Amino acid sequence: LWMIAGMSLTVAAVIHFARADTGMAELRIREAKARAIGDGVARLLLRDRAMTQYSLEEPATQSEKQLKDGDDDEGPHKTFSKTYRFANGWEVTATLRPSSGFVSLNDGTREEFIMIFSGLGNIKESLAAEIADGALSYRTDFSGFRYTEELLSIPGASRIAYDAVKGFVHPYRSGALLASDAPQALRELSDSVSVYG
């Protein structure tokens, strides 16, 4: 009888771990699908943005194509958005913004780093200043940032703060931040700092 009970517990444990493994496999599959859709949408958005200059349609008939934040502007400072619908029911809205609408890790100023870490990362301004100084030191000591994840190696930069700012920074050299090109949250933060700071 004890042997049957022990075997039952062993079977129950195997089933439990198999469910956990199945759940992790399903999570990895969903992550891979999301990554593939994200890559595909990014490429479609770049293609569609390039094709707008060759479009013969009148702007009023381009219902899917939405040009925002400077419809009258020509050149690189246009923000382009489009919604894509896929056969599996997924609907993705993507927005293409100029790199000048984000804080460059390699060109950003100390004030911009303090602004994003204190305003978006919700950390104290004194710690944001330490992180800003660390970022400036890092980019001179290691010949610049190559990935946004390198922010995590700066003393004081927590994972929570990084997750809050990672969508608003990039490692490319694009010059100073232009608030007019920035996403809404960064634009509002930039405006409030320039007004009150």
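None of the values given here were measured: they were computed from a predicted structure. Only this structure's heavy atoms are used, side chains among them; waters, hydrogens and symmetry mates stay out.
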May I ask you to decide if [Y]'s main-chain N or O and [X]'s side chain share a donor-acceptor pair within less than 3.5 Å?
| X | Y | value |
| --- | --- | --- |
| R110 | A132 | no |
| S190 | L186 | no |
| D181 | G101 | no |

Problem set entry | Parallel, tilted or perpendicular: ring planes of H170 versus Y172, cut at 30 and 60 degrees |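 Rings of H170 and Y172: parallel, under 30°.
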Exercise. Could R35 and D39 be called an ion pair, given the rule that one side-chain N must be under 4.0 Å from one carboxylate O?
Worked result: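 No, no charged N to carboxylate O under 4.0 Å.
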Exercise. Any side-chain heavy atom of E112 sitting closer than 4.5 Å to one from I116?
Worked result: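 The answer is no, as the side chains (C-beta and beyond) never meet within the 4.5 Å cut-off.
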Problem set entry | Check: I114 and E125 side chains under 4.5 Å, non-hydrogen atoms |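 Yes, their side chains come closer than 4.5 Å.
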For this session: Before giving the answer on side-chain contact (heavy atoms from CB on, under 4.5 Å), spell out for M115 and L177 the whole-Å C-alpha distance, their side-chain angles and the decisive distance to 0.1 Å.
Result: CA-CA 12 Å; M115 174 186 70; L177 170 69; 3.8 Å; yes
For [X] and [Y], work out which heavy atoms get closest and say how close.
| X | Y | result |
| --- | --- | --- |
| L136 | R139 | CD2-NH2, 3.1 Å |
| L45 | A94 | CD2-CB, 3.7 Å |
| G121 | A164 | CA-CB, 3.8 Å |

For this session: Identify which one of F113, F168, F117 satisfies the side chain to side chain contact (heavy atoms under 4.5 Å, CB included) criterion when paired with V103.
Result: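 Running side chain to side chain contact (heavy atoms under 4.5 Å, CB included) over F113, F168, F117 with V103 returns exactly one hit, F113.
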